[in-house]
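Everything below concerns the one structure shown next.
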Amino acid sequence: MGRLVVVSNRVAAAEDAARAGGLSVALRAALKAGPAMWFGWSGERVTEYSGALKTHRIDDIDVVTLDLEDADFEEYYNGYANATLWPLFHSRTDLADYTRSFEQGYARVNRRFAEALAPLLRPDDLVWVHDYHLIPLGRELRRLGVVGSIGFFLHIPWPAPQLFTTLPQHADLADAMFAYDLVGFQTAACVDAFADYVTREARGRREGELLAAFGRSTLARAFPIGIDAPQFLRLARSKAAERAWDRMAAHGVFRSLIVGVDRLDYSKGLPERLLGFEQFLKAHPDMVRKVLYLQIAPSSREGVEAYQALRAQVLALAGRINATWAEMDHAPMLCVNRNYERAELAGIYRAARVGLVTPLRDGMNLVAKEYVAAQDPDDPGVLILSRFAGAAEQMTDAMIVNPYCAEELAEAIGAALEMPRRERVRRWMRLLEGVERCDVRGWRDDFVAALTVARRRRAPEAERPVRAELPGADLPKETAFSPPGDPPKLARDRGSAIVAPEWRRLGRG
Ligand code: ADP
């Protein structure tokens, strides 16, 4: 049985388990299912890149990491990943920085990842590359002669073509997507956005899930990510969750708790959310002493200027709200800058009558799913969810809002607080059913199954070298859209997935 080889920018260290963020929690759960390797950056920086690999095990997973050098950290991580692609893919072209050296650092690190990973791959491995840090990795692996299955999953949104084309290297980045056998997105809307670019800008073709452009084809499909639902349901009933619930409940005697849990990121719509809450207090002065809004917002990417400005803005708004409505024994909101254990978070969610998840743009948003999983079945809270979170495509029984409109947000908070128990239970049961049905294991299984099939479809194509020229030139129709039936009998299917004459010729430097 082949291994699942997961590649992501960061690999969570074992001791981070309780505090790991959305992606690493999901990957750890996904990797539990069988023989697996997890490859990525160690999180360490060195003055000069050596290519040395570190290996250890987390549970049954072989973890292989490498260190990045300072220039990589600045250009690839802080630069292209977090200052170029992150804002662009979250539709914030106003914040996107298109400095050229960032792109060079991004290309360099992806090449280094590929050079370190390729020799470790076995013929029947399924390689699953994750997220915007590593879009060109598949193409680099192909250039090194890797012809086995490689799939890619984008955890953040794919932007509309008009925005994507503001990126000077848009054609090259889109071309890199065609080195994969399968590209996965969080939502059908993201698949459409990518396909729109392919058909309009790259003069490619779409036929159902098959996309052809840049002389190659790939399969594009939505795989909405989920949480580890059984684990979260267990956590919500744990002693630690109960203690957190007790603390929250003590705080909320005679008050309804409203909670938001987000990294302090401009995609999360925190200023807009605070304005919505402020509007709610203005419209319902009688409610001022009857609610407590707890916003948990740990700082993130503190080295990036836009994040410092956001932090100042959020604190100023929270200060204004409390300065307007607080009394000696009461403040309407609390803004907390720290991380909590996952079990504690579950208790906090459970104590909250309203869960506010109102990003301006979000690939999926796992907090929405965790909030639902943590609720008390007899007295569940209400999820208020932005229409711009990927989760809104699935979680239609939440109260769906436009987070840009403070009045709409304020009305939703009012309606959620007044919602009768029967209606809360009805909505929650349907939401929970979805959270349990589409959990992280299903996400993993669906992707891996689709990658296995996609690979068979593309077997003859993978024999061909990656073309350097851009963009355009479609595949001949019969090759691009040959039906995904049984795989042709190829020597490659029986033999080595890594046939690396080019790789050897390159001599690794
Ligand atoms: P993103 O990946 O953009 O941060 P998600 O909502 O998809 O957003 O995932 C965030 C994850 O991080 C969730 O699993 C959530 O429980 C976790 N998280 C967010 N804030 C905190 C916090 N203060 N303490 C602990 N975990 C947190």
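Throughout, residue positions are numbered sequentially from 1 according to the sequence presented.
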The ring pair (Phe, Tyr, Trp, His ring centres under 6.0 Å) partner of Phe152 among Trp128, Phe185, Tyr180 is Tyr180

Indicate the ring-plane relationship of Trp158 and Phe164, choosing parallel, tilted or perpendicular according to the 30° and 60° boundaries.
tilted

Among all residues two or more places apart in sequence or in another chain, which pass the salt bridge (charged side-chain N to carboxylate O under 4.0 Å, His left out) test with Glu209?
Arg221

Answer yes or no: is there a donor N or O on one side and an acceptor on the other, between the side chain of Tyr293 and the main chain of Ile258, under 3.5 Å?
no

Looking at Asp196 and Arg206, is there a salt bridge between them, counting it only when a charged N and a carboxylate O are closer than 4.0 Å?
no

For Val64, is there any backbone N or O sitting under 3.5 Å from a side-chain donor or acceptor partner on Thr55?
no

Between Gln295 (side chain) and Cys335 (backbone), is there a donor-acceptor pair under 3.5 Å?
no

Test applied, ring pair (Phe, Tyr, Trp, His ring centres under 6.0 Å); reference residue, Tyr132; option that passes from Phe153, Phe89, Trp86
Trp86

If I compare all heavy atoms of Ala236 with all of Ala346, which pair ends up nearest, and what's the gap?
CA-CB, 3.8 Å

Is there any salt bridge (Lys or Arg N to Asp or Glu O under 4.0 Å) pair reaching into residues 344-362, and which pairs are they, with sequence neighbours excluded?
Lys268-Asp362, Arg353-Asp379

Answer yes or no: are there more than 12 heavy-atom neighbours, outside Asn337 itself, under 6.0 Å from its atom CG?
yes

Can you check whether Ala406's main-chain N or O pairs, donor with acceptor, with Glu272's side chain at less than 3.5 Å?
no

Any salt bridge between Arg237 and Glu242, counting N to O under 4.0 Å?
no

Please identify each residue that fulfils ring pair (Phe, Tyr, Trp, His ring centres under 6.0 Å) with Phe223, with sequence neighbours left out.
Phe447

Those residues at least two apart in sequence (or on a different chain) that pass side chain to side chain contact (heavy atoms under 4.5 Å, CB included) with Thr187 are Ala189, Cys190, Glu393

Parallel under 30°, tilted from 30 to 60°, perpendicular over 60°: which one fits the rings of His133 and Tyr77?
parallel

Which salt bridge (Lys or Arg N to Asp or Glu O under 4.0 Å) pairs, counting each pair once, include a residue from residues 149-160, with sequence neighbours left out?
none

Between Ala244 and Gly347, which heavy-atom pair has the shortest distance, and what is it?
CB-CA, 4.2 Å

Under 3.5 Å, is there a donor-acceptor pair between the side chain of Arg424 and the main chain of Pro380?
yes

Heavy-atom closest pair, residues Leu182 and Thr218
N-OG1, 3.7 Å

Is the side chain of Asn110 donor-acceptor paired with the backbone N or O of Tyr106 at a distance under 3.5 Å, no angle test?
yes

Side-chain ion pair, Arg426 and Glu423, N-O less than 4.0 Å
yes

Whether the side chain of Gln375 engages the backbone of Tyr371 through a donor-acceptor N/O pair (distance < 3.5 Å, no angle test) should be reported.
yes

Would you call the rings of His170 and Tyr197 parallel, tilted or perpendicular, where under 30° means parallel and over 60° means perpendicular?
perpendicular

Can Arg273 and Asp262 be counted as an ion pair, charged N to O under 4.0 angstrom?
yes

If we ignore angles and hydrogens, is there a donor and acceptor under 3.5 Å between the side chains of Glu302 and Tyr307?
no

Here the pair of heavy atoms bringing Ile296 nearest to Leu345 is CD1-CD2, 4.3 Å

Which is it for Arg387 and Val401 under the side-chain contact (heavy atoms from CB on, under 4.5 Å) test, yes or no, and what are the steps along the way?
CA-CA 6 Å; Arg387 58 175 297 151; Val401 293; over 6 Å; no

Test side-chain contact (heavy atoms from CB on, under 4.5 Å) on Val354 and Leu417; report intermediate values, then the result.
CA-CA 7 Å; Val354 179; Leu417 289 169; 3.8 Å; yes

Looking at Gly79, is its backbone amide N or carbonyl O close enough to the side chain of Asn82 to form a donor-acceptor pair, meaning the two atoms are under 3.5 Å apart?
no

How about Tyr349 and Val261: do any of their side-chain heavy atoms sit closer than 4.5 Å?
yes

Trp41 side chain to Thr65 side chain, donor-acceptor N/O pair below 3.5 angstrom:
no

Taking the side chain from Arg421 and the backbone from Asp378, do they hold a donor-acceptor pair closer than 3.5 Å?
yes

Looking at Asp67 and Arg45, is any side-chain nitrogen of the basic one under 4.0 Å from a carboxylate oxygen of the acidic one?
no

Could you check whether atom CH2 of Trp443 has more than 12 heavy atoms from other residues, nucleotides or ligands sitting under 6.0 Å from it?
yes

Can you tell me how far apart CD1 (Ile156) and NE2 (His90) are? Round to the nearest 0.5 Å.
5.0 Å

Just grab all the ring-ring contact (aromatic ring centres under 6.0 Å, His included) pairs involving residues 382-402, residues at least two apart or on different chains.
Phe388-Tyr404

Could you check whether Tyr80 and Tyr76 have their ring centres less than 6.0 Å apart?
no

